[in-house]
Amino acid sequence: MTDEETRNEAANESAAQERERRVRERIGTVEAEESKAYFSRELLLWYDRSKRDLPWRRHRDPYFIWVSEIMLQQTRVDTVIPYFNRFIERFPTIRDLAEAPQEDVVKMWEGLGYYSRARNLQAAAQQIVELHDGKMPSEREHVFALKGVGPYTAGAILSIAFNRPEPAVDGNVMRVLSRYFLIEDDIAKPKTRVAMEKMIPELIPEGRASDFNQALMELGALICTPKSPHCLICPVMEHCRGRIEGMERDLPIKTKAKKPRPEQRLGVLLEGSGEHEGRVLVRRRPKTGLLAGMWELPHIAAGSGAEAGDLGLDVAQLEELLEDRGLAWSPMSPYLTAEHTFSHIHWTMRVLIAREESETLAHLAAESGVPYAVAVPEAAEAEDELIDEETGEEWRWISREDMETIAFPNLFLNILNRYFAGESERE
DNA sequence: AATTCGGGGCC
DNA sequence: GGCCCAGAATT
């Protein structure tokens with residue numbers, strides 16, 4: 001074999017390898033394309049026969065879609081359904097929502113959590129009335145400009161209500177995509193969501209954006225569930241790389257959240273007497289921060305640092321809070337202890353109970369040396385309502401009937417409902 | 001990019 | 001008891 005022949009041979013060889021590489025690449029591409037087309041096709045077929053009958057799916061009213069999507073943020077479908085029905089009954093149109101008192105809107109949200117969602121929802125309704133004649137806009141920038149509407153919700157409204165081929169990537173979608181395409185990026189990172197949003201438009205079949213995005217989430221909710229996905233009945237299991245590689249239980253990859261920091265709180269349920277008979281003292285939280293603007297029983301941060309565990313010091317501090325309001329009361333006794341976990345804080349709430357004493361009785365008791373009248377306010381100007389315009393903090397004596405109009409977070413809602421129901425559970 | 005916003009259901 | 005959920009706003 002001459003040198004030239006050898007070179008030709010080598011050239012042919014490398015050309016053949018090159019052809020084969022291209023063929024493989026093409027097959028890979030074809031497989032990838034078929035895998036995508038298969039995914040979209042089978043997912044839609046499955047959705048058409050399996051979709052749930054949900055209240056907001058009975059009409060394609062952008063207002064209903066919008067309200068449902070806000071409620072569904074970090075919240076399960078089963079939890080949302082009764083809230084959605086009550087909300088739409090109370091506020092049937094965007095204009096009704098825009099014109100309602102804010103307390104009514106928050107009251108309808110009571111127990112759902114993330115209460116800024118309710119305030120933002122109403123603020124956005126007012127935006128829509130002012131800027132869009134009370135009708136939900138269908139342009140991306142206008143939808144995105146609404147308060148409380150981020151990348152997911154904007155995409156959900158545009159695709160579900162207006163059938164626009166926009167991505168609506170939530171936790172469900174990231175879980176499904178990470179398994180089907182075996183994507184090992186950390187879904188806790190924003191850039192992973194952005195990358196997945198880029199994948200969506202080419203997966204959406206022509207004219208089926210609304211159904212496709214809902215189908216993706218429906219699959220995540222019903223089949224491709226977090227812990228043990230139901231691969232055997234999954235409509236796209238044949239080409240799911242996560243399942244094929246045996247990785248379905250390891251995906252998606254998500255860095256762990258920190259656990260909530262513990263906080264001890266000491267609260268008081270003060271029963272009114274005299275003109276406050278049958279009422280209970282409550283306080284409205286500042287309009288920013290945790291549980292902003294919600295009502296609660298008065299409470300303080302208890303035992304931190306060196307004084308941890310010294311209930312006496314905590315009680316003294318709690319009493320000072322009431323004295324500042326010009327109040328007097330009979331001795332406090334343990335009432336109950338409740339736990340409550342937020343996403344970033346864990347409360348252990350000890351609640352004491354006491355009965356209001358009129359100023360006169362308190363004075364008399366003090367003068368006569370009766371031991372249980374523990375506080376005599378110097379400047380007793382106990383008004384029924386005290387409002388701090390600066391912070392939004394407010395105090396009020398409320399009756400059982402007031403429970404129907406002012407909004408409490410679940411922790412206090414449960415305590416007060418039990419109290420007004422007449423149960424007397426003591427520690 | 002990290003933290004702050006609730007609450008409940010499930011394993 | 002940890003994890004997750006049809007996330008957005010703020011820092």
Side-chain angles (χ1 to χ4, degrees), chain A residues 51-52 54-57 64-84 106 109-121 123-124 143-161 167-176 186-194 197 210 213-222 224-229 249 252-262 285-294 296 338-347 407-414:
Chain A
K51 64 181 172 189
R52 290 170 290 180
L54 301 174
W56 47 92
R57 282 186 181 160
F64 292 1
I65 306 296
W66 172 41
V67 170
S68 72
E69 289 302 338
I70 300 295
M71 286 187 172
L72 285 163
Q73 288 170 8
Q74 302 295 290
T75 312
R76 316 227 169 220
V77 167
D78 290 340
T79 305
V80 164
I81 289 175
Y83 279 92
F84 176 84
V106 176
W109 213 268
E110 184 182 54
L112 252 193
Y114 289 141
Y115 299 97
S116 65
R117 291 185 296 175
R119 291 188 297 274
N120 286 336
L121 189 67
V143 175
F144 202 82
L146 299 173
K147 282 197 189 307
V149 174
Y152 163 74
T153 307
I157 293 171
L158 290 163
S159 63
I160 298 175
V169 176
D170 67 350
N172 280 317
V173 174
M174 287 196 284
R175 186 171 59 254
V176 170
D186 183 357
I187 66 166
K189 303 218 177 287
K191 56 189 295 186
T192 303
R193 194 204 71 235
V194 172
E197 285 172 344
S210 177
N213 277 347
Q214 293 184 78
L216 214 39
M217 293 186 274
E218 195 86 337
L219 189 74
L222 300 180
C224 199
T225 50
K227 297 285 184 176
S228 51
R249 284 169 181 272
I253 290 170
K254 184 179 184 180
T255 53
K256 288 194 265 283
K258 294 193 307 184
K259 62 176 175 186
R261 65 174 181 269
R285 296 179 63 85
K287 46 193 172 191
T288 60
L290 185 70
L291 298 169
M294 302 293 284
E296 63 181 5
E339 306 279 337
H340 193 74
T341 308
F342 305 92
S343 31
H344 56 302
I345 305 172
H346 178 87
W347 275 355
F408 293 89
N410 268 3
L411 169 61
F412 299 106
L413 187 63
N414 292 335

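Among the heavy atoms of the strands lying under 4.0 Å from A/Arg52 is at least one base atom, whether or not backbone atoms are also near. Residue A/Arg193 is out of contact with every strand shown, counting any heavy-atom pair closer than 4.0 Å. Counting non-hydrogen atoms under 4.0 angstrom, A/Thr153 reaches the backbone sugars and phosphates but no base. Among the atoms of the strands shown, base atoms are found under 4.0 Å from some heavy atom of A/Arg57.
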Which atom pairs, donor and acceptor, lie under 3.5 Å between side-chain atoms of residues 145-154 of chain A and protein residues at least two apart or in another chain?
from, atom 1, to, atom 2, distance (Å)
A/Tyr152, OH, A/Glu69, OE1, 2.6
A/Thr153, OG1, A/Gln73, NE2, 3.0

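Between A/Asp170 atom CG and C/dC4 atom P the separation is 14 Å, expressed in whole Å. Residue A/Ile187 contributes atom CD1, which lies 11 Å from atom P of C/dA6 at whole-angstrom precision. As rounded to whole Å, 13 Å separates atom C1' of C/dA6 from atom CD1 of A/Ile81. Remark: C1' of C/dC5 and CD of A/Glu218 are 15 Å apart, rounded to the nearest angstrom. Here the C1' atom of nucleotide C/dC5 and the CE atom of A/Met71 are 16 Å apart, to the nearest Å. In this structure, CD of A/Gln214 is placed 14 Å from P of C/dA6, rounded to the nearest angstrom. One can place CG of A/Leu72 at 10 Å from C1' of C/dC5, the figure rounded to the nearest angstrom. Between the CD1 atom of A/Ile70 and the P atom of C/dG7 there is a distance of 11 Å, rounded to whole Å.
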Would you tabulate the nitrogen or oxygen pairs shorter than 3.5 Å linking the protein to nucleotides 9-11 of chain C?
from, atom 1, to, atom 2, distance (Å)
C/dA9, OP1, A/Gly148, N, 2.5

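Between A/Phe342 and A/Trp347, the distance from one ring center to the other falls under 6.0 angstrom.
Taking all atoms of both residues into account, the shortest heavy-atom contact from A/Leu291 to A/Pro409 is CD2-CB, 3.7 Å.
Looking at the side chain of A/Lys254, the nearest of the listed nucleotides C/dC3, C/dA8, C/dC5 is C/dC5.
Partners of A/His346 by side chain to side chain donor-acceptor pair (under 3.5 Å), not counting sequence neighbours, listed by chain and number: A/Glu339, A/Thr341. Take A/Thr75 and apply the side chain to side chain donor-acceptor pair (under 3.5 Å) test, not counting sequence neighbours, and it matches A/Arg117. Under the side chain to side chain donor-acceptor pair (under 3.5 Å) criterion, A/Asp170 pairs with no residue, sequence neighbours left out. Under the salt bridge (Lys or Arg N to Asp or Glu O under 4.0 Å) criterion, A/Arg119 pairs with no residue at all, not counting sequence neighbours. In this structure A/Glu218 satisfies the salt bridge (Lys or Arg N to Asp or Glu O under 4.0 Å) test together with A/Arg52, A/Arg57, sequence neighbours excluded. For A/Glu296, the salt bridge (Lys or Arg N to Asp or Glu O under 4.0 Å) partners are A/Arg283, A/Arg285, not counting sequence neighbours.
B/dC5 and C/dA6 are spaced 23 Å apart, taking the P atom of each and rounding to whole Å. Nucleotides B/dG9 and C/dA8 are separated by 23 Å at their P atoms, to the nearest Å. Spacing between B/dG8 and C/dA9 at atom C1', rounded to whole Å, works out to 23 Å.
Not a single donor-acceptor pair under 3.5 Å links the side chain of A/Arg193 to the backbone N or O of A/Val169.
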Report summary line: Its contact letters, B for base, S for sugar-phosphate only and - for none at protein heavy atoms under 4.0 Å, make nucleotides 3-10 of chain B read SSBBBBB-

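Both A/Ile160 and A/Lys259 lie close to DNA chain C; mapped to their nearest nucleotides by heavy-atom distance, the more 5′-ward contact belongs to A/Lys259.
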